[in-house]
Amino acid sequence: MSTHNILILGGSFAGIGAAHYALKHTIPQLPTKDGSTYTVTMVNPSKDFYWRIAGPRAAVSKQLMPSSKLFYPIEPAFAYAKDKFTFVQGSATAVDAATQSVTVLTITGEQKQISYTALIIATGVSTPSPLFTQTTTADDLIITYETFQKSLANAKTIVVGGGGPVGVEVAGEIAEHLNGKPGFMASAPKDPKAKVTLISADKKMLPILREDISKQAAKFLKRLGCDVLYNTKIVAARQAESGKTTIQLSDGNTVEADIYVDATGTRPNTSFLPAEWLDNRNRVDCNGKTLRVEKAGPRVYVVGDVGSYTRGGVMDQADALPVAMTNLKTDLIALVDGKAPGPDRHYEANLSEQQIVPIGTGKGVGAFGGNKLPSVMVWAIKGRDYMIGQLAVPTVNGDSYKKEKKWTPPNPAMKAGLSKG
Ligand SMILES: Cc1cc2nc3c(=O)[nH]c(=O)nc-3n(C[C@H](O)[C@H](O)[C@H](O)COP(=O)(O)OP(=O)(O)OC[C@H]3O[C@@H](n4cnc5c(N)ncnc54)[C@H](O)[C@@H]3O)c2cc1C
């Protein structure tokens, strides 16, 4: 008789989804004839799930985005499976594939070894700006927001680096907060309080979206008093003791800003993993079909933004997670019963033009499934509350994965017939 632990590193969108999926759908289908039992352990630095999607508005205004809407306790969301679920507040600091164990530094400074039969890496990514990453507790991020909001109150020049969705969203939120909402027909604020500039390394913003959507985004930003500088990279940004930041640009110019927000990309949280498990972008290198981390030994999987298989984003996880969890189920059945119950399930990336980007509280741009969305729809889906009303609670309590995402394995007889031509 043995207890098999499914250890999940990371407690955000991917880790929480994987834990609910394992408890609701995977474990009930695993063999118990030999007395095997199964548990899920999650390791995450914060005990609260952070609704990162709302970071651009939360950073700027606690009136518009109070912390009560941003953070959701993780452990109570698993009360329905409390005999099988353990939450450890801490960070993984090392993984040993030979002994199948992970070293964890807990919030209280204790070092723990946690064994696994299956390991799911869901440690995500960090942003260069502290405004969009919860590194420790919710309280720490709330303090970061309060400090930022104080400095924003008197700022006259703000530079946002990075023309991706986070850069566009935060530039819009800052510009509207400082310069106000423009009149119905206005193309720019009459008397702007602050000069906001968004710097894009590319000739357009929002790489996933077509050019005319980027142009529409620039128009909406302009209405709020934010200009866009294209084809310009941030070479360096140095903050002086005064708080001002000097920003060196690739065109040779230097600008000085009261506030600089670095939204130039993300960095995978993989420093605790063996270097051989990573790809050349420091993401967890996995089989792009099965989401197994093949270099890591048996029963190691990756889900979410930290994986090499994905261009990132929460929507993609709805396609990836059932794949990783089906293959994990297959592998655990093979371990206990000695025979895999079927073939691998395969992930297929949805690379359609798909992104929704609010610009301030009233406008926005985007596309879904390759179709351009009108601004009012962007507002209705995301801009009014950054999707908290629809999705935050179902994400944390597991309702997003209430049903198993069904899959019918290909019929082996049919496959054999086809391969014979
Ligand atoms: C400002 C912003 C807005 C966004 N808006 C959207 C949007 O509108 N739509 C969309 O689809 N996507 C959006 N994204 C992307 C989306 O947030 C990511 O796709 C999502 O957060 C990825 O989820 P994840 O669980 O893979 O990783 P993360 O959310 O990065 O979470 C990783 C978790 O692992 C924890 N962790 C890190 N290191 C360790 C360790 N060593 N041990 C244990 N735990 C660890 C972290 O603390 C964190 O809790 C946005 C991103 C940002 C930054």
Side-chain angles (χ1 to χ4, degrees), residues 55-57 59-61 64-65 129 131 148 152-234 237 245 247 249-251 253-264 353 355-367 372-384 386:
R57 188 166 294 162
V60 169
S61 165
L64 290 180
M65 189 55 71
S129 164
L131 298 174
F148 182 74
L152 203 55
N154 301 312
K156 296 276 178 273
T157 49
I158 295 100
V159 171
V160 176
V166 177
V168 172
E169 286 177 3
V170 77
E173 296 293 338
I174 291 174
E176 181 178 302
H177 180 75
L178 294 176
N179 296 331
K181 272 192 172 183
F184 181 61
M185 298 293 277
S187 59
K190 256 203 195 113
D191 185 18
K193 182 175 165 230
K195 179 175 164 52
V196 184
T197 309
L198 175 67
I199 300 184
S200 167
D202 207 350
K203 66 176 195 316
K204 67 182 264 296
M205 299 180 285
L206 304 170
I208 289 180
L209 301 174
R210 69 191 86 163
E211 184 145 15
D212 78 284
I213 298 183
S214 163
K215 283 188 178 148
Q216 193 188 6
K219 230 187 249 170
F220 288 153
L221 285 171
K222 184 87 189 161
R223 290 180 75 237
L224 301 171
C226 171
D227 293 316
V228 184
L229 199 59
Y230 297 96
N231 288 315
T232 310
K233 284 198 171 105
I234 311 278
T245 303
I247 304 146
L249 305 177
S250 56
D251 61 7
N253 288 320
T254 297
V255 287
E256 199 170 75
D258 294 327
I259 291 185
Y260 171 60
V261 179
D262 186 342
T264 57
E353 185 191 32
Q355 195 159 62
I356 302 176
V357 186
I359 299 176
T361 55
K363 300 276 181 202
V365 298
K372 182 174 170 180
L373 295 176
S375 175
V376 65
M377 230 151 122
V378 172
W379 172 83
I381 297 169
K382 187 169 167 190
R384 57 188 162 151
Y386 280 87

> Is a side-chain N or O of S214 found less than 3.5 angstrom from the main chain of K204, in a donor-acceptor match?
Replying inline: no
>> Between I158 and I174, is there a side-chain heavy-atom distance shorter than 4.5 Å?
In response: yes
> Hey, mind stepping through V378 and V357 against side-chain contact (heavy atoms from CB on, under 4.5 Å) and telling me if it holds?
Replying inline: CA-CA 7 Å; V378 172; V357 186; 5.8 Å; no
> Is a side-chain N or O of D258 found less than 3.5 angstrom from the main chain of K156, in a donor-acceptor match?
Replying inline: yes
>> If we ignore hydrogens and angles and just use 3.5 Å, is the side chain of W379 paired with the main-chain N or O of P358 as donor and acceptor?
In response: no
> Which is it for V365 and F220 under the side-chain contact (heavy atoms from CB on, under 4.5 Å) test, yes or no, and what are the steps along the way?
Replying inline: CA-CA 9 Å; V365 298; F220 288 153; 3.9 Å; yes
> Is a side-chain donor or acceptor of K193 paired with a backbone partner of A153 at a separation under 3.5 angstrom?
Replying inline: yes
> Is the shortest heavy-atom distance from the side chain of L152 to the side chain of V60 under 4.5 Å?
Replying inline: yes
> When you check the gap from the basic side-chain N to the acidic O, do E176 and K363 get nearer than 4.0 Å?
Replying inline: no
>> Which residue in the set V160, V255, V159 passes side chain to side chain contact (heavy atoms under 4.5 Å, CB included) when paired with Y260?
In response: V159
> Is any side-chain heavy atom of K233 closer than 4.5 Å to a side-chain heavy atom of D251?
Replying inline: no
> Is any side-chain heavy atom of L131 closer than 4.5 Å to a side-chain heavy atom of F148?
Replying inline: yes
>> For the OG1 atom of T232 and the NZ atom of K203, what is their distance to the nearest 0.5 Å?
In response: 14.0 Å
> Do any N or O atoms from the side chain of R384 and from the backbone of T361 form a donor-acceptor pair under 3.5 angstrom?
Replying inline: no
> What's the shortest heavy-atom distance between S250 and N231, and which atoms?
Replying inline: OG-O, 4.3 Å
> How far apart are the C-alpha atoms of V228 and L221, what are their side-chain angles, what is the distance that settles it, and do they pass the side-chain contact (heavy atoms from CB on, under 4.5 Å) test?
Replying inline: CA-CA 8 Å; V228 184; L221 285 171; 4.0 Å; yes
> OG1/T197 to CG/L229 distance, rounded to the nearest 0.5 angstrom?
Replying inline: 7.5 Å
> Is a salt bridge present between E173 and R57, judged by a nitrogen-to-oxygen distance below 4.0 Å?
Replying inline: yes
> Judged by atom type as modelled, is there a donor-acceptor pair below 3.5 Å linking the side chain of S200 to the main-chain atoms of G163?
Replying inline: no
>> With a 6.0 Å cut-off (strictly less than), is the heavy-atom count around NZ of K372, excluding the residue itself, greater than 12?
In response: yes
> Between N179 and P189, which heavy-atom pair has the shortest distance, and what is it?
Replying inline: CB-CG, 4.1 Å
> Would you call E169 and I359 a side-chain contact if the rule is heavy atoms closer than 4.5 Å?
Replying inline: no
>> Test side-chain contact (heavy atoms from CB on, under 4.5 Å) on E256 and T157; report intermediate values, then the result.
In response: CA-CA 8 Å; E256 199 170 75; T157 49; over 6 Å; no
> Looking only at heavy atoms, which two atoms of L209 and A367 are closest? And how far apart?
Replying inline: CD2-CB, 3.9 Å
>> Distance check, rounded to the nearest 0.5 Å: L64 atom CG versus Y386 atom OH?
In response: 10.0 Å
>> Taking the side chain as everything from C-beta on, heavy atoms only, tell me whether M205 gets closer than 4.5 Å to I213.
In response: no
>> Using side chain to side chain donor-acceptor pair (under 3.5 Å), reason through D262 and T264 one step at a time and then give a plain yes or no.
In response: CA-CA 6 Å; D262 186 342; T264 57; 2.6 Å; yes
> Taking all atoms of both residues into account, what is the closest heavy-atom pair of G362 and S375, and its distance?
Replying inline: O-OG, 4.3 Å
>> Looking at Q355 and L206, would you say the former's side chain and the latter's main chain have a donor-acceptor pair under 3.5 Å?
In response: no
> Got a second to check how far K222's NZ is from K219's NZ, nearest 0.5 Å?
Replying inline: 12.5 Å
